[in-house]
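Take a look at the structure set out below.
Here is the naming used below: chain letters follow the sequence lines, and residue numbers restart at 1 for every chain.
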Amino acid sequence: MAKQPAAVIGVGQTHHRAKREDVSMAGLCREAIDRALADAGMGLDDIDAIVVGKAPDLFEGVMMPELFLADALGAAGKPLLRVHTAGSVGGSTAIVAASLVQAGVHKRVLTVAFEKQSESNAMWALSVPLPFNMPVHAGAGGYFAPHVRSYIRRASAPTHIGAVVAAKDRTNALNNPYAHLRERKTVEQVLESQMLWDPIRYDETCPSSDGACALVIVDEDTAASSNNPAWIHGTVMRSEATTAAERDQVNPQAGRDAAAALWKQAGITNPIEEIDAAEIYVPFSWFEPMWLENLGFAEEGTGWKLTEAGETAMDGRLPVNCSGGVLSSNPIGASGMLRFGEAALQVRGAAGDHQVDGVRRALGHAYGGGSQFFAMWVVGAEKPTG
Amino acid sequence: MRDVAVVGFAQRQMLEFDGSPTCVELLVPLFRECYEQTGWTRRDIGFWCSGSSDYLAGRSFSFVQAVDAIGVIPPVNESHVEMDLAWAMYEAWLKIQTGEVDTALVYAFGKSSAGVLRRTLALQLEPYTMTPLWPDTVSLAGLQARVGIDAGLWDERAMAEVANRSLTDAEKNEYAVRKGGSSVEDLLARPMYADPLRKHDCAPVTDGAAAIVLAADDRARDVRERPAWISGIAHYVDPMGMGTRDLTRAPSAQRAAAALDLAGTEVAELHAPFSHQELILRRELGLADDVTVNPSGGALTGNPMFSGGGIRIGEAARRIWSGDATKVLGHATSGPALQQNLVCTMEGR
């Protein structure tokens with residue numbers, strides 16, 4: 001049995017800030033939801049089911065907040081699902097929402113992912129002492145820095161590549177009115193910023209943001225009402241072990257397997273030629289070249305060459321994170337859905353000032369945990385064939 | 001829709017699990033039981049989905065270690081819901097319906113004894129005006145029971161009848177953590193716990209885990225003579241607002257029942273953590289008097305958080321496998337005072 005066609009016809013996001021003290025959790029979600037529904041030309045009454053995603057509940061200090069939010073999200077009297085798969089959750093949530101349509105169960109699904117980090121303290125939430133577990137006390141930057149060092153060594157990469165990524169993404173964010181950090185950065189400025197976790201500098205790290213993203217995903221008949229649906233050409237989720245000596249955390253097998261399965265589903269044989277824009281989850285600058293290789297856009301050890309040559313810039317061969325990416329806005333639970341939603345905006349020609357000309361197919365990518373959880377999709381301007 | 005059936009089920013329930021903070025250690029033997037029942041290995045599983053709660057575990061990402069229990073080398077197609085096992089099963093059922101996979105193993109776990117459950121669950125409430133008052137689960141259920149008594153919808157005797165039947169049935173359930181019926185008079189003579197609830201009106205705090213195996217079409221027929229074919233699943237949520245809801249009702253349960261064909265149901269496993277909630281659910285689901293309710297003893301005799309609902313589906317499916325019944329339903333609830341409800345109907349063919 002084949003999947004039913006499904007398309008994104010509404011994308012909405014909040015203005016992302018360190019603290020959105022002007023809105024509650026419900027208000028934050030509704031800001032994204034209302035924009036997505038307006039984009040889709042729909043109201044909450046048109047929606048069959050709602051899928052909520054966010055990262056750990058300790059980030060806000062509420063257990064299963066979708067329950068108290070049910071009314072505000074318009075879920076009362078409707079099916080409500082809550083997904084939580086670590087940092088990949090925004091992507092996984094969009095995939096679960098898509099599966100409701102692809103399974104033929106619902107026709108119009110609303111999905112929203114959010115994080116309101118200012119309600120609590122993410123560093124605390126990630127550092128609760130656990131019995132029989134060695135505390136890391138490093139935060140995400142300290143955890144990933146050794147992987148980056150290993151990548152630099154294995155790929156013989158010049159040490160300024162991370163700064164190239166950071167300068168590009170931060171400057172791209174100037175064209176995204178919703179981005180948290182909107183600042184022109186040069187490679188030199190990034191290299192002058194404080195070293196936090198060698199080799200990751202302050203300007204090469206993502207911010208902590210309050211924010212939300214919402215998508216309206218619909219069936220083929222409903223999509224006919226849209227003049228620019230983003231058709232879903234493939235979705236994939238893969239997970240690998242957390243504790244295993246044989247793991248390669250620089251180039252994880254789960255990411256490679258996921259990409260291979262995704263390209264196959266989408267009928268793509270040469271990703272760098274056939275994907276016109278990519279939104280890749282890059283919370284620390286060096287993950288751009290690392291994921292370019294993991295995704296198969298470049299041979300192992302050569303991803304940094306694409307970055308260095310400017311091929312991932314807005315006017316490059318594969319524009320990456322034209323929205324400014326995670327380096328410019330990071331409402332953790334929503335960050336993956338923002339990647340998925342920005343990919344949809346690109347193929348719909350609706351990305352505004354950060355639109356790349358003529359995007360026919362785009363990648364949305366998210367990862368989480370210690371690089372063991374992956375979620376990705378490919379969206380296209382044309383309805384998938386076969 | 002593809003034909004999808006429940007073909008495997010394993011569970012553990014106990015008052016206190018002496019082991020990892022999250023019951024993750026329980027998963028390996030549960031998976032082994034599922035493999036024994038199906039004759040499969042982990043490589044036969046197309047999709048994995050789990051249910052658990054970080055607040056129950058007292059840590060973030062409590063499901064991450066659980067994924068390692070699968071043995072995820074090579075990597076697997078996997079997801080997680082911050083919900084009961086029943087909804088994890090729903091996500092897996094969807095995945096099978098898309099045609100992407102033919103089989104799934106879903107699991108859930110929770111160690112309620114690690115904290116004070118009734119206080120932990122107060123963190124589920126509206127955080128600005130309710131949680132600061134710490135209205136605990138048992139007290140909220142007590143208010144709900146009282147509203148129904150005052151409205152003349154049920155009385156303490158009807159609640160005791162539910163408890164007595166459950167405790168009696170639980171004598172045949174090796175996993176029940178509370179069992180042993182006596183008489184309605186005896187139960188009514190016991191002291192109040194949270195007026196009008198007595199201890200036997202409230203599900204015991206239970207640690208545990210459970211796993212369910214789903215398979216489509218011939219994959220299901222290969223496993224069992226009589227798979228429990230899922231003829232329908234529906235779930236809905238109500239607004240939480242405790243002050244504005246009619247607590248004697250569960251509209252989301254009624255809606256789920258209305259979306260399905262419950263006619264001819266012989267056995268219903270209802271996830272009712274409080275005795276009066278079984279009375280509410282029976283009414284909302286419109287169950288006839290001749291429907292056998294909770295032959296396992298139900299949640300009043302064992303209710304591990306985040307698998308308690310899925311266990312109802314597994315227990316109902318077993319009645320199909322054994323040939324004891326031809327049409328059954330499993331129900332799961334979540335949130336305070338029956339806020340969210342799922343109903344799954346299964347048939348033997």
Side-chain angles (χ1 to χ4, degrees), chain A residues 1-4 24-25 55-68 70-71 75-86 92 95-96 99-100 102-105 119 125-126 128 130-132 236-244 246-247 252-254 257-258 369 372-374, chain B residues 1-2 20-21 48 53-56 58-65 67-68 70-83 87 90-91 93-100 120-121 123-128 130-131 234-241 251-252 255 334-336 339-340:
Chain A
M1 196 192 92
K3 288 178 183 177
Q4 303 295 311
S24 62
M25 277 178 251
D57 289 357
L58 276 70
F59 283 3
E60 282 80 14
V62 182
M63 182 180 185
M64 302 156 77
E66 63 284 357
L67 291 172
F68 97 83
D71 211 4
K78 292 176 181 167
L80 172 70
L81 283 168
R82 159 69 194 285
V83 180
H84 171 26
T85 63
S92 312
I95 290 173
V96 172
S99 73
L100 278 163
Q102 291 169 328
V105 173
E119 296 276 331
L126 293 174
V128 180
L130 298 173
F132 314 115
V236 70
M237 289 152 80
R238 285 289 183 279
S239 308
E240 70 177 38
T242 300
T243 314
E246 58 268 60
R247 275 185 78 197
Q253 189 185 349
D257 288 3
Q372 69 271 48
F373 303 109
F374 292 84
Chain B
M1 291 284 127
R2 300 179 79 186
S20 78
W48 303 77
S53 162
D54 281 352
Y55 260 92
L56 198 69
R59 61 160 299 181
S60 294
F61 301 121
S62 59
F63 64 89
V64 169
Q65 288 176 318
V67 175
D68 278 14
I70 298 171
V72 280
I73 300 173
V76 295
N77 191 356
E78 184 267 343
S79 185
H80 172 265
V81 292
E82 200 84 353
M83 305 181 86
W87 281 271
Y90 180 74
E91 185 179 329
W93 176 82
L94 284 175
K95 189 70 97 178
I96 295 174
Q97 290 299 344
T98 66
E100 186 178 322
T120 304
L121 291 175
L123 291 163
Q124 268 184 349
L125 301 169
E126 197 273 319
Y128 307 109
M130 279 193 78
T131 299
H235 67 103
Y236 296 94
V237 69
D238 294 317
M240 178 180 276
S252 54
R255 210 178 169 113
S334 176
Q339 185 194 355
Q340 188 172 25

Minimal non-hydrogen separation, [X] against [Y], with atom names:
X       : Y       : answer
A103(A) : T98(B)  : N-CG2, 3.8 Å
L67(A)  : G335(B) : CD1-CA, 3.7 Å
F61(B)  : A86(A)  : CE2-CA, 3.3 Å
M1(B)   : V105(A) : CE-CG2, 4.0 Å

Chain A contact via [X] - side chain, backbone, both or neither, heavy atoms under 4.5 Å:
X       : result
W93(B)  : side chain
L121(B) : both
S53(B)  : side chain
T120(B) : both

Open item on the list: Need one label for D257(A): side chain, backbone, both or neither, based on atoms under 4.5 Å from any heavy atom in chain B.
Closed with: side chain

Task: Which atoms of A70(A) approach chain B - backbone, side chain, both or neither, heavy atom under 4.5 Å - done: side chain

- [ ] Could you have a look at V83(A), D71(A), L80(A), T243(A) and say which one has the most heavy-atom pairs with chain B under 4.5 angstrom?
- [x] L80(A)

TODO: Specify which of A258(A), A55(A), G61(A) makes the most heavy-atom pairs with chain B at under 4.5 Å.
DONE: G61(A)

Output the option from [options] having the highest count of non-hydrogen pairs under 4.5 Å with chain A.
options                          : value
Y55(B), Y128(B), W87(B)          : Y55(B)
R255(B), Q124(B), M240(B)        : Q124(B)
D54(B), T131(B), L56(B), V67(B)  : D54(B)
Q339(B), M130(B), K95(B), E91(B) : Q339(B)
I73(B), V76(B), V64(B)           : V76(B)

Task: Parallel, tilted or perpendicular, as decided by the 30° and 60° cut-offs, for the rings of F63(B) and F373(A) - done: tilted

Starting at [atom1] of [X], measure out to [atom2] of [Y] and round the result to the nearest 0.5 Å.
X       : Y       : atom1 : atom2 : value
Q340(B) : E66(A)  : CD    : CD    : 7.5 Å
T85(A)  : E82(B)  : OG1   : CD    : 11.0 Å
H84(A)  : S60(B)  : NE2   : OG    : 7.0 Å
Q65(B)  : T242(A) : CD    : OG1   : 8.0 Å
D68(B)  : S239(A) : CG    : OG    : 10.5 Å
L125(B) : M63(A)  : CG    : CE    : 10.0 Å

- [ ] May I ask you to decide if M83(B)'s main-chain N or O and R82(A)'s side chain share a donor-acceptor pair within less than 3.5 Å?
- [x] no

TODO: Apply the test side chain to side chain contact (heavy atoms under 4.5 Å, CB included) to residues E100(B) and S99(A): give CA-CA distance (whole Å), side-chain angles for both, the deciding distance (0.1 Å), then the verdict.
DONE: CA-CA 10 Å; E100(B) 186 178 322; S99(A) 73; over 6 Å; no

TODO: State, with a plain yes or no, whether a side-chain heavy atom of S334(B) is found less than 4.5 Å away from one of M64(A).
DONE: yes

